[in-house]
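The shown structure was predicted, so the numbers you read here are calculated from the model rather than taken from an experiment. A, B, ... follow the sequence lines: proteins, then strands. Residue 1 opens every chain.
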Amino acid sequence: KSEKESDAIKIATAANMQFAMNDLIETFQHETGIKCETVVTSSGKLTAQIKAGAPFDVFVSADLKYPNTLFKEGFGEEKPKVYANGTLVLWTTSEKIEPSLDILSEEKIKHIAVANPKIAPYGRATEEFLKKAGKFDDLESKFVFGESISAVNRYIHSGSAEIGFTAKSVVLSPKMKNIGNWIEIDPSQYSAIQQAALLLKSEQPKTLKNARKFYEFLFSAKAKKILEEYGYRS
Amino acid sequence: MIWESLWLTLKLALITTLLLFVIGTPLAYWLSATKSKSKPVWETLVSMPLILPPTVLGFYLLIAFGQSSFIGKFLDDFFGLQLVFSFSGLVLASVIYSLPFMVHPIQSGFSSLPIHLKEAAYSLGKSKTTTFFKIMLPNIKPALLTGIVLSFAHTIGEFGVVLMIGGNLPGETRVASIAIYDEVEALNYSNANTLSFILFVLSFAILLSVYLINNKSLNRIVK
Amino acid sequence: MIWESLWLTLKLALITTLLLFVIGTPLAYWLSATKSKSKPVWETLVSMPLILPPTVLGFYLLIAFGQSSFIGKFLDDFFGLQLVFSFSGLVLASVIYSLPFMVHPIQSGFSSLPIHLKEAAYSLGKSKTTTFFKIMLPNIKPALLTGIVLSFAHTIGEFGVVLMIGGNLPGETRVASIAIYDEVEALNYSNANTLSFILFVLSFAILLSVYLINNKSLNRIVK
Amino acid sequence: MIECKLKKELSAAEGKMILNVDFRLNEGDFIVLYGNSGAGKTSILRMLSGLLSPEDGYINQDSNVWFNAEKKIDLPIQKREIGLVFQNYALFPNMNIEENIYFSLPQKKDKKTAEELIELMELGNLRKQKIQQLSGGQQQRVALARALARKPKLLLLDEPLSALDHGMRTRLQEYILKLHKTYNLTTILVSHDPAEIIKMADKVMVLENGKITKTGPPISIFSENKLSGKFQFTGEVLAKIDEEVISILHILIGNNVIKSVSAKDEIAHIQKGDKVLVASKAFNPIVTKIE
Amino acid sequence: MIECKLKKELSAAEGKMILNVDFRLNEGDFIVLYGNSGAGKTSILRMLSGLLSPEDGYINQDSNVWFNAEKKIDLPIQKREIGLVFQNYALFPNMNIEENIYFSLPQKKDKKTAEELIELMELGNLRKQKIQQLSGGQQQRVALARALARKPKLLLLDEPLSALDHGMRTRLQEYILKLHKTYNLTTILVSHDPAEIIKMADKVMVLENGKITKTGPPISIFSENKLSGKFQFTGEVLAKIDEEVISILHILIGNNVIKSVSAKDEIAHIQKGDKVLVASKAFNPIVTKIE
Ligand SMILES: Nc1ncnc2c1ncn2[C@@H]1O[C@H](COP(=O)(O)OP(=O)(O)OP(=O)(O)O)[C@@H](O)[C@H]1O
Ligand SMILES: Nc1ncnc2c1ncn2[C@@H]1O[C@H](COP(=O)(O)OP(=O)(O)OP(=O)(O)O)[C@@H](O)[C@H]1O
Ligand code: MOO
Ligand SMILES: [Mg+2]
Ligand SMILES: [Mg+2]
C-alpha cells in the first residue's frame with residue numbers, strides 16, 4: 001500500500017448522499033489537504049460491512065437507525081448526529097409527463113419506482129406520504145422497488161419506470177439537473193428523513209484525527225450550505 | 001411470503017433450465033461438430049454472458065428492454081411483452097445468463113464421444129436426428145447432468161441480473177435471493193438466516209436426489 | 001483507475017483459476033472414481049456454492065471471517081490474515097464460489113473416460129499418480145478447458161460476493177464489476193459504458209485466443 | 001454394379017503411401033480384400049461406405065453417383081444402403097445387445113429378422129446384457145448381427161470373425177454365405193485367413209501398399225504351385241524323435257499333425273521348427289464324408 | 001510358480017455361469033487358454049492381473065500372495081509385474097506410437113528395448129503417428145510392443161495376433177517365443193488358432209463354460225484321432241468338377257488345396273461344401289526343407 005492511500009480517510013456513504021459528497025469532499029480537501037475516499041452503497045450494506053470490521057472511518061448514513069445500531073454495538077466514537085434532513089421528490093425523465101400526485105393514477109403510468117420501504121428511508125417516507133394522501137392502495141400494484149435510492153434512479157432514468165420517488169439531491173446533482181421534470185413533496189406530509197453520521201473507531205490515531213476533522217466539517221456552516229444546494233434541509 | 005419467493009425461485013430455475021436444455025443441447029452439438037473457421041468466435045460469444053458481471057448484463061438489459069428503448073416499445077406494442085419488472089423478463093435474462101453453463105459441459109461431452117459411434121449409426125442408415133437422440137445424447141449423460149445441474153443451480157443463485165431488472169415485485173420478481181438480500185439490508189439477520197437456511201436445505205435436497213438417482217443409474221450401466 | 005480495476009479483476013481471475021485447478025482436479029478425479037456411498041453427498045456439497053445467491057454467500061462469509069467472529073479474530077491474531085476487505089479474502093471467496101465450475105466439467109470428463117485406459121497404465125506398473133498425470137489428464141483436455149474457462153470467466157463476472165466482503169477499496173478490492181456498478185449507481189453511464197466496453201473487449205480477446213489455440217491443438221489430434 | 005476409382009494419401013509404415021485402387025463389383029459378388037496390416041483394406045471400406053472422402057476418383061453404383069471428386073458429389077453414408085462391421089465393433093454402449101440389434105432394423109416390425117440373428121449368434125440369454133460386459137467374441141457377433149439386421153445391399157465386413165473360436169467361426173461363415181446368396185448381396189470381406197477366403201470368396205483382391213496387385217479366384221491366388229498334379233503340402237516340424245535308424249517327424253499341416261518316418265541320415269538336416277514341403281508322388285486318397 | 005484357484009459368477013450365453021478354475025503355472029511355462037467365445041478366457045487374465053476381483057479363491061506367486069479372498073489380500077496390479085495385451089488394445093490416445101511404447105519402459109534409459117520393438121513390429125516410419133490413425137493390425141502391434149517393453153515376469157496375451165496377416169503373424173509368433181525363452185517368462189496366451197497353439201504352447205488349457213475341461217500338450221489336445229499311424233486329414237470340398245466317368249474334387253486342407261480324382265458314382269453323394277476325411281493307406285511322403 002502506498003503512503004497516500006493509507007493516509008486517506010474512507011467515508012462510507014449512503015447512496016443518496018453520493019452527489020453532495022463529491023462537493024463536500026472537494027471543499028474539505030481544499031481546506032485541510034486531507035485526502036478522502038468514498039465507498040458508496042446502501043446504508044444497510046455499509047452497516048453490515050462495518051460490523052464485520054470494514055476499514056471505514058466515517059459513516060454517512062441515510063437515516064438514524066443504522067448509525068444508532070452501530071453505536072450501540074460499540075463501533076462509534078460518539079453518539080451519531082443528524083447532519084441533514086432528506087427531501088423527497090417525484091421525478092420523471094419523460095418529457096410527456098408532468099409530475100403530479102394525480103397523474104400517478106393515470107393509465108400511461110405503468111410503473112412507479114419506489115425505494116424499498118423495508119430498507120431505505122426514502123422508501124418509508126414515500127409510503128407514509130402516499131398513505132396519508134389515500135393513494136397507497138390504489139397505486140400499490142404499480143410499484144417497483146429499488147434496493148437503494150440508486151436503483152430507483154436507475155429505473156427512472158432508464159425509463160423502465162415512467163416515474164418515481166427519489167431524493168432531491170439526485171435531481172439537483174450536476175448530472176441530472178436538466179433531465180426530466182420533478183416536483184418536491186411537501187415535507188409536512190411525511191416524517192422527517194433524519195440522516196445521521198457516525199464517527200467510527202480507528203486504531204490509528206492519525207486517521208482518527210483526520211476523520212474527526214471531516215466529521216466536524218460535516219456539521220459546519222460551509223457543509224450546511226452545500227447540503228442545502230442539494231436540497232437537504234437542516 | 002417466504003414460500004412465495006422460494007416457489008418463484010424454483011419456478012424460474014425450472015423454466016430456465018428447461019429452455020436452456022432445449023436451446024443449449026443442439027447448440028453444443030453444433031459447436032462440437034462444426035468444422036467452420038468461425039467456431040472459436042461462436043464459442044467466445046457463448047461464453048460472454050459468463051464474463052459480463054451480472055449487474056452489467058442486467059443494466060444493459062434494462063436499457064435495451066425498458067419502455068423508453070425501441071426494442072422495449074416494440075415488444076410491448078406488438079406482443080404485449082414486458083421484459084422489465086416481469087417474470088418473463090427474468091426468464092429471458094436467466095436464459096442468457098446461464099447459457100454457457102448449459103452449453104459448455106455438453107459440448108465437451110460431445111467432443112469426447114468416440115467418432116465411431118456416430119459413424120456406426122450413420123452406417124445403419126440412421127438420420128442425423130435419430131443418431132443425435134438415440135446415440136449421442138444417451139452416451140453423454142454425465143455431461144448432460146452437469147449442464148442441467150449447473151444451469152439450475154446457477155439460476156437459483158441468480159442475483160445481480162434480477163436485482164437490476166426485477167424491481168422486487170412480490171410474487172412476480174422477488175425471488176429468494178432478493179428476499180434474503182432485503183432482510184440482510186434491513187439488518188433482519190434472523191429472517192435472513194431462516195430464509196437462507198430453508199433455501200439451503202431445499203437446494204441441498206434437490207441436488208442430493210439428483211445425484212442419488214444419477215449414481216444409481218450409472219451404477220447400473222458401469223457396474 | 002479504470003486500468004487498476006481491470007488489472008485487479010484479471011489478477012483475481014488468474015489466481016483463482018490457478019488455485020481452483022490445483023484443488024478442483026484431484027477433487028473431481030476422486031469424485032469420479034470413488035465408490036463410496038457418501039459420494040452424492042459430496043457432489044451436492046461441491047454444488048452448493050452455486051445455489052447460494054452470491055450475496056448470501058458473501059454475507060455469511062462476511063459474518064464468518066469478520067473481525068467480530070471467532071474465526072476472523074483467530075486468523076488475524078495468529079496469521080495476520082484478514083479475509084474481509086482484502087484481496088486474499090476475495091481470492092478465498094472466489095475459490096469457494098467458483099469451485100463447482102471447475103469440479104463439475106472435469107468430473108464429467110473423467111467419468112466418460114473408458115476404464116481400460118486406466119487399467120492399461122496400471123498394468124504397465126504405473127502408479128496412480130503417474131497414470132493421473134500422464135494418461136487421465138491429457139485425455140480429458142476439452143473438459144479441462146471447460147473447467148478453466150468457466151472458472152476464469154465466472155470470477156471475472158464475480159460481483160455479489162465481492163460487493164459484500166470486498167468493501168470496494170481501490171486497488172485492493174474494487175474489481176471491474178464493482179467499478180462498473182459504482183458508475184451505474186452514480187448515474188455516470190458514459191463511464192460505465194467505457195469500462196464495460198473495455199472489459200468486454202478484453203474478455204472477448206482472452207477467450208477467443210483460448211478457443212483459437214484449443215481448436216488448433218484439437219485439430220492436430222483428431223485431424 | 002459398383003464401379004470405383006479411389007485415390008487418397010495415407011501415412012504408412014514406409015512413410016507416405018498413396019492408396020490408389022480401381023475396381024468393379026457385380027451384383028452378387030463376394031469379394032475378399034486380402035493384404036498386409038496397413039495395406040489400406042479398412043480405408044477402402046471406409047471410402048466405399050462414405051466415412052472417408054477420397055481425394056480423387058469416383059464411386060458409381062449402377063446409375064447412381066455415390067462419389068465424384070470432380071463433380072463434388074459425396075452421397076451421405078445413410079443413403080448408400082450398406083451394412084458395415086467395424087474392426088473395432090463400434091457398438092452403442094448405451095444399449096444392451098438386443099437394443100443394439102433392434103436399433104438397426106429399418107422397420108420396427110422386422111423383429112423376426114432380429115430374433116433370428118440373436119438366436120443364430122447364440123446371444124439369446126445375453127440379450128439384456130450391457131455391451132461393456134461382453135467378451136470380445138460376443139461383441140464381434142453383436143456387431144455382425146447389427147450390420148446384417150438391416151439387410152443391406154452392400155455388405156462390408158472388416159475382419160468380422162477374427163475373435164471367434166473355430167466352431168463359431170465356421171457357423172457364421174456359413175450363415176453369411178447363406179444371407180449373401182438369399183438376398184443377392186454384394187459383399188466385401190476383409191480377412192487374413194486363407195481357408196476362410198477360399199471357402200467364401202468368388203474373387204480375391206490382393207492389396208499391397210495401397211495398390212491392387214493381384215485379382216482372381218481364391219484358389220488360383222492361394223494355390224499357385226500347390227494345385228499341381230502331384231499332391232503336396234507345406235507344413236512345419238513340431239517335433240523330431242530320433243530312434244535307432246529312423247527318425248519320426250511330427251509335422252503340422254493346417255490343423256492336422258502327421259507323422260512321417262524316414263531314414264535318420266536322410267533327414268538329419270531337418271530340425272524342429274523348420275518349414276517343410278510334404279509330397280507324395282503316388283497319392284490316391286480315399287475321400288469319405290464326415291457325419 | 002503361480003498357483004491359483006479362482007471363482008466368480010459371470011453372466012453368459014446360457015444365463016449365469018460360474019467361472020471356477022484351479023491351475024498352476026511353472027516359471028518358464030507357455031500356456032495357452034483355448035475355448036469358445038464367452039468361455040471366460042479374458043476374465044481369467046483379468047483376475048490374474050488384478051483388474052477383476054475373484055469372489056473366492058487365491059493367487060500365490062512363489063511365496064507372494066497376490067490375492068486371497070479369505071485374508072482379504074488383493075495386491076494392486078502395479079505390483080504384480082505383468083505384461084498384458086488387451087483384446088481391445090487399450091492404447092493411449094494422447095500419445096503417438098513411440099510415446100505409447102516409451103511410456104511403458106520402467107527406466108527411461110531402456111530406449112534400446114523400445115527401439116528394437118519398434119523395428120521388429122515394423123512401425124519405424126509410423127512412430128510419430130497418432131493412435132487414431134492406425135490400422136487395426138498396427139494398433140495390435142503397438143499394444144504388443146507396449147506390453148513387452150517392460151519385460152514382465154508374467155506375460156498375459158489376449159489374442160494378440162488376431163488382426164494380423166499371415167506373414168506378420170508368423171514373425172511375431174517367433175519373436176514372442178524368443179522373448180519368452182530369453183527372459184524365462186511365464187506366458188499365458190489366449191488364441192483360437194490351433195496352428196498357432198501347436199507351434200507356441202507347452203500346455204493347453206481348454207476352457208468350457210468357465211471350467212477347465214482338458215489340459216495337456218497341444219498335440220495331444222488337437223490331434224487325438226489324427227495322430228494315428230495312417231495318414232489322414234479333414235478338409236472341405238471347394239469344388240466338384242464332373243467329367244465323363246470321373247469327378248475331380250478340390251479339397252481345402254489347411255491353406256492347401258488338393259485335387260482328388262475318383263470314379264463318378266463312388267463320390268456321387270459328396271457335394272461342394274461338405275466336410276470330408278482324406279486318407280491314404282499307403283503313404284510314404286517325401287519331406288523336403290523349404291529355403
Ligand atoms: N463384468 C462382467 N459381469 C458379468 N459378466 C461378465 C462381465 N464381463 C464379462 N462377462 C461375461 O462373462 C463371460 C466370459 O467373458 P470373457 O470375456 O472372459 O470371455 P472370453 O472367453 O474371453 O471370450 P472371447 O473369446 O469372446 O473374448 C461372457 O459371457 C461375458 O458376457
Ligand atoms: N486418417 C488417417 N490419416 C492418415 N493415415 C491413415 C489414416 N487412417 C489410417 N491411416 C494409415 O493408412 C494405412 C492403411 O490403413 P488401413 O486401416 O486401411 O489398413 P488395413 O489394411 O485395414 O490394416 P489392418 O489389417 O492392420 O487393419 C495405415 O498405415 C494407417 O496408418
Ligand atoms: O441508504 Mo439509501 O441512500 O436510501 O440507498
Ligand atoms: Mg483394417
Ligand atoms: Mg476374451
Side-chain angles (χ1 to χ4, degrees), chain A residues 1-2 4-6 8 10-22 35 37-42 44-56 70 73-75 91 93 146-158 166 169-171 173-177 179 201 203, chain C residues 1 4 53-77 81-89 93 159-174 177-193:
Chain A
K1 268 186 197 174
S2 71
K4 214 172 66 199
E5 260 176 57
S6 57
K10 295 202 176 65
I11 303 165
T13 309
N16 75 80
M17 269 293 288
Q18 60 182 321
F19 306 104
M21 191 56 81
N22 286 339
K35 288 237 167 247
E37 278 170 5
T38 55
V39 173
V40 180
T41 188
S42 64
K45 203 176 301 117
L46 290 170
T47 305
Q49 290 177 333
I50 291 165
K51 278 190 184 182
F56 304 148
L70 285 173
E73 291 179 23
F75 288 92
W91 181 34
T93 52
E147 84 282 6
S148 77
I149 219 67
S150 300
V152 172
N153 296 339
R154 199 157 60 229
Y155 291 150
I156 303 171
H157 188 252
S158 68
T166 186
S169 61
V170 175
V171 294
S173 74
K175 284 214 183 61
M176 296 298 129
K177 230 169 201 161
I179 296 178
K201 282 189 172 155
E203 273 159 24
Chain C
M1 220 212 69
E4 192 177 38
T55 34
V56 174
L57 192 69
F59 174 63
Y60 287 106
L61 286 176
L62 191 67
I63 289 182
F65 293 117
Q67 287 299 304
S68 52
S69 91
F70 173 74
I71 311 177
K73 266 221 160 54
F74 175 82
L75 286 177
D76 195 10
D77 290 355
L81 206 64
Q82 276 217 338
L83 289 180
V84 285
F85 312 116
S86 71
F87 185 73
S88 32
F159 168 75
V161 180
V162 178
L163 187 67
M164 276 291 178
I165 70 164
N168 205 343
L169 309 177
E172 177 88 12
T173 59
R174 182 177 292 163
S177 60
I178 299 287
I180 298 176
Y181 181 72
D182 259 14
E183 300 294 349
V184 170
E185 293 257 290
L187 305 177
N188 291 334
Y189 291 170
S190 74
N191 280 4
N193 289 346

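- Both the backbone and the side chain of C/Leu62 come within less than 4.5 Å of a heavy atom of chain A.
- When all heavy atoms are compared, the tightest approach of C/Tyr189 to A/His157 is CE1-ND1, 2.6 Å.
- Proximity to chain C (any heavy atom under 4.5 Å) is shown, for A/Gln49, by both the backbone and the side chain.
- Neither the backbone nor the side chain of A/Thr13 comes within less than 4.5 Å of any heavy atom in chain C.
- With a threshold of 4.5 angstrom between heavy atoms, C/Phe65 does not approach chain A through any atom at all.
- Applying the salt bridge (charged side-chain N to carboxylate O under 4.0 Å, His left out) test to every pair with at least one member in residues 56-68 of chain C, sequence neighbours left out, gives no pairs at all.
- Between C/Tyr181 and A/Glu147 the shortest heavy-atom distance is OH-OE2, 3.3 Å.
- Closest heavy-atom contact between C/Phe85 and A/Gly53: CE1-C, 3.5 Å.
- Residues C/Asp182 and A/Val40 approach most closely at OD1-O, 4.0 Å, considering heavy atoms.
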